[in-house]
Asks: 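First the structure, then my questions, so here it is.
Just so it is clear, the structure is predicted and the values come from calculations on it, not from any experiment. So that the names make sense, note that chain A is the first sequence line, chain B the second, and so on, each numbered from 1.
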Amino acid sequence: MKDYLYKVFNDLKSKLDFIEIDKITFNVPNFKEHGDFATNYPFILAKQLKKSPKEIAKEILENLTDSENAFSCVEVAGNGFINFKFRKEFIFNSLNKVLNEGKEFGKLKKYFGRKALVEFVSANPTGPLTVGHGRNAVFGDTIANLLEAVGYEVEREYYFNNAGRQMRILADSVRLRYLELLGEKIDFPDDYYQGEYIIDIAKKILDEFSDKTRNIDDLNFFKEFAEKEIFKGINKTLERLGIRFDNYFNENSLYETGKIEEVINQFKTKEICYEKDGALWLALTKLGKERDKVIVKSTGEPTYRLPDIAYHIEKFKRDYDLMVDIFGADHIATYPDVLAGLEILGYDTRKVKVLIHQFVTIVQDGELVKMSTRKANFITLDQLIDEVGADVVRYFFLMRSISSHLNFELTLAKKQTDENPVFYLQYAHARICGILRFAIEQGKQPSDKLSVLGEDEEINLAKHLLNFPDVVLRSAENYDQLILITYLHELAELFHKFYHEHRVLGQSEEITSARLALCKAAQIVLQNGLSILGINAPERM
RNA sequence: GCACCUGUAGCUCAAUUGGAUAGAGCAUCUGACUACGGAUCAGAAGGUUGAGGGUUCGAAUCCUUCCAGGUGCACCA
């Protein structure tokens with residue numbers, strides 16, 4: 001429907017030369033008396049044309065040609081809105097597009113031929129994924145799905161660091177637990193990894209090597225073993241949520257291939273860094289930033305900024321049109337430095353999109369569940385999936401805007417009742433499947449003659465279904481999964497209303513067939529939408 | 001102290017990015033199947049959008065000053 005509106009306004013350009021298509025927006029009004037779509041375009045033109053919005057609206061209206069006879073009513077309303085109402089025949093005929101395209105309905109070509117990289121999770125292999133990583137993982141995967149839906153060729157990438165102090169402590173934690181299992185009396189340090197999973201890894205070493213590795217004091221052995229085990233666990237958890245990565249990028253490789261050194265040299269050539277107190281500083285104040293930042297410590301080790309910059313340069317070299325980074329709120333202060341560094345070196349940072357999500361807290365029985373990684377009393381993502389299942393986990397992580405804190409209500413998530421919002425969507429789908437199963441038993445078929453329909457609930461549902469591609473587009477372009485979620489919720493609601501008011505089966509042949517087709521279309525859109533969210537559309541519940 | 005995020009119905013959150021009368025779910029109260037799944041539907045009640053000021057045809061949204069909560073502010077990542 002929106003396509004048609006843009007087409008109509010495009011035709012208008014030959015008559016009214018002030019029309020600029022990319023400045024026009026159409027939206028679904030809050031009140032149905034205002035029609036199916038409305039535009040505020042006359043208001044936008046008012047200043048430029050020095051006329052009242054109302055006059056402009058009238059002028060547009062007089063020149064509009066409805067070539068396909070799609071509108072039942074077009075009118076100027078309020079002080080200059082233009083409202084459009086579509087004929088039901090146009091709506092129901094358009095619905096055949098949904099049925100014909102099936103799984104492809106909602107897949108767009110707009111960004112076809114462009115490459116996107118989505119980097120997310122990127123947790124270092126020091127322990128199982130936490131609930132916080134869960135939000136990052138599910139959101140990142142959904143953004144990747146959305147970009148795919150609008151035509152991008154998407155790669156999912158996991159960036160990790162398996163060097164440095166953290167990993168040494170991890171390795172030594174495992175070593176000590178292993179020795180403990182061998183009966184040695186160990187004084188386990190407070191600032192080591194306390195988690196149960198460390199003991200599990202130690203047990204695996206014991207199983208595999210018995211006491212042969214007892215006297216190994218090379219931490220590398222323990223490090224590699226632990227890393228392998230932890231990654232295995234992380235991937236298993238992600239797999240349960242339906243998340244798979246195309247690439248794993250090891251930060252260490254940047255050192256091995258001399259990329260870090262390269263970046264330093266480039267900064268030096270640009271004369272944008274200087275030495276002070278034995279450290280190398282990046283002169284960000286020259287770019288109008290508040291303060292300079294250290295890129296190489298006096299110990300000779302780079303700070304995180306350098307590898308992060310080098311990593312992004314590698315991404316640029318791989319020639320993506322879009323690079324999305326997904327971080328938790330704790331990274332808020334770090335990425336501006338990285339972007340500044342890239343800009344100094346002449347990279348177009350508009351291709352980098354940084355999405356920051358706020359933290360997750362677990363609420364149980366109205367009380368905050370306190371979590372601390374050091375004490376290892378955190379809830380792992382795996383435990384969460386055990387408790388409520390993958391679909392609920394995904395939905396709960398997606399149902400809030402990323403800029404808001406997320407209270408994961410465990411008590412609510414566990415409920416298999418109408419209080420749990422994910423079931424509302426899934427139930428609508430299961431219900432449709434029920435009807436379609438029943439129809440097959442009775443030998444009824446959907447037809448393509450939908451325009452025999454005309455009840456309010458049928459029209460409302462049909463119109464909503466046709467908006468799906470536009471919702472996918474808006475959702476992807478705004479990196480906002482909530483637009484899609486809200487849409488699907490409304491869709492389920494409209495279907496339930498329709499279902500309640502009108503029976504599908506047991507009507508006249510042509511009505512039953514047409515309603516079956518409407519159900520089928522609703523099923524397609526629900527499936528396609530849920531699939532972008534990575535949530536199952538069950539046939540039975 | 002500085003930067004970023006948040007503040008909307010009793011609770012958890014929306015609001016097509018500056019649009020028309022601020023909407024959902026839960027909780028509360030009323031109602032609705034001898035037929036396709038009642039995990040549903042219809043209705044009631046619930047609001048000075050944290051507070052004040054400003055910008056304009058028009059503000060929950062933008063600017064500004066406060067108030068409250070969260071996160072970060074290292075030669076940690």
Side-chain angles (χ1 to χ4, degrees), chain A residues 25-31 33-34 38-40 43-44 46-47 52-54 77-81 83 122 124 161 164-166 251 276-281 290-291 293-305 307-308 328-334 336 356-359 361 363 366 399-407 409 412 415-421 423-424 426-428 430-439 441-442 444 467 470-471 474-475 478 480 482-483 485-487 489-490 492-493 495-506 512 515-516 519 540-541:
Chain A
T25 54
F26 299 98
N27 62 318
V28 180
N30 292 329
F31 301 92
E33 308 88 74
H34 296 153
T39 183
N40 61 343
F43 287 94
I44 292 165
K47 223 168 239 171
S52 80
K54 221 164 186 164
N79 293 318
F81 294 96
N83 296 339
S122 294
N124 289 337
N161 176 10
R165 197 179 109 87
Q166 279 180 54
E251 178 184 327
K276 196 182 93 182
D277 306 329
L280 192 65
W281 293 70
E290 205 166 333
R291 47 189 292 199
K293 296 284 172 70
V294 171
I295 50 174
V296 182
K297 296 185 252 177
S298 53
T299 58
E301 280 180 81
T303 62
Y304 72 88
R305 294 181 188 95
D308 275 11
D330 51 342
H331 280 69
I332 193 81
T334 71
I356 305 270
H357 63 84
Q358 298 297 312
F359 282 158
T361 42
V363 180
M399 67 194 245
R400 300 287 174 245
S401 145
I402 56 162
S403 59
S404 299
H405 292 251
L406 176 70
N407 284 326
E409 303 219 25
L412 176 61
K415 283 190 185 165
Q416 305 240 333
T417 68
D418 57 342
E419 286 174 58
N420 192 329
F423 293 121
Y424 190 76
Q426 294 188 319
Y427 181 56
R431 208 172 212 184
I432 294 171
C433 291
I435 295 171
L436 295 177
R437 270 197 305 271
F438 213 78
E441 282 174 28
Q442 299 189 356
K444 305 288 184 197
N467 288 339
D470 183 54
V471 166
R474 267 178 33 225
S475 209
N478 291 297
D480 187 353
L482 214 57
I483 294 174
I485 294 214
T486 311
Y487 168 84
H489 196 91
E490 285 165 357
E493 185 179 358
F495 176 77
H496 286 311
K497 277 182 185 169
F498 157 74
Y499 171 89
H500 221 268
E501 288 300 317
H502 308 287
R503 287 190 55 80
V504 175
L505 300 168
T512 286
R515 283 187 181 158
L516 278 174
C519 288
R540 287 190 169 86
M541 291 180 71

Asks: Under 4.0 Å: is that the gap between some side-chain N or O of A:Tyr424 and OP1 or OP2 of B:C41?
Replies: yes
Asks: Quick one: is B:C33 close enough that its OP1 or OP2 comes under 4.0 Å of any side-chain N or O from A:Arg503?
Replies: no
Asks: Specify the separation, in whole Å, of atom CD1 of A:Ile435 and atom P of B:C36.
Replies: 10 Å
Asks: On a plain distance test, is the side chain of A:Ser298 in donor-acceptor contact with the base of B:C75 below 3.5 Å?
Replies: yes
Asks: Does the cation-pi check pass for A:Arg431 over A:Phe495, that is, NZ or CZ under 6.0 Å from the six-membered ring centre and within 45° of its axis?
Replies: no
Asks: Tell me: CZ of A:Phe26 to P of B:A20, nearest whole Å?
Replies: 17 Å
Asks: Looking at B:U16, B:C75, B:A14, which one has an atom nearest to any side-chain atom of A:Lys297?
Replies: B:C75
Asks: How long is the line joining NZ of A:Lys497 and P of B:G38, in whole Å?
Replies: 17 Å
Asks: With stacking defined as ring centroids separated by under 5.5 Å and planes differing by under 30°, is A:His500 stacked against B:A42?
Replies: no
Asks: Tell me if a side-chain donor or acceptor on A:Thr512 pairs with a main-chain N or O of A:Leu505 at a distance below 3.5 Å.
Replies: no
Asks: What is the distance, rounded to the nearest whole Å, between atom NZ of A:Lys293 and atom C1' of B:C2?
Replies: 12 Å
Asks: Does B:G23 have a Watson-Crick or wobble partner in any strand here, with both distances under 3.5 angstrom, and which is it?
Replies: B:C13
Asks: Starting from C1' on B:C75, measure out to CZ on A:Arg305 and report it in whole angstrom.
Replies: 9 Å
Asks: Give a yes/no verdict on base stacking between B:A20 and A:Phe81: centres under 5.5 Å, planes within less than 30° of parallel.
Replies: yes
Asks: Please state how far atom CG in A:Asn40 lies from atom P in B:U61, giving the value in whole angstrom units.
Replies: 18 Å
Asks: Quick one: do the A:Asn407 and A:Thr361 side chains pair a donor with an acceptor below 3.5 Å?
Replies: yes
Asks: For the aromatic rings, using the six-membered ring if either is Trp, is the centroid distance between A:Tyr499 and A:His496 under 6.0 Å?
Replies: no
Asks: Nearest-Å distance, NE2 (A:His502) to C1' (B:A32)?
Replies: 16 Å
Asks: When you measure only distances, ignoring hydrogens and angles, does the side chain of A:Asn83 come within 3.5 Å of the base of B:A20 through a donor and an acceptor?
Replies: yes
Asks: How close or far is atom P of B:C75 from atom OH of A:Tyr304, stated in whole angstroms?
Replies: 10 Å
Asks: May I ask you to say what A:Leu482 touches in the nucleic acid, namely base, sugar-phosphate or nothing, with a heavy-atom cut-off under 4.0 Å?
Replies: sugar-phosphate
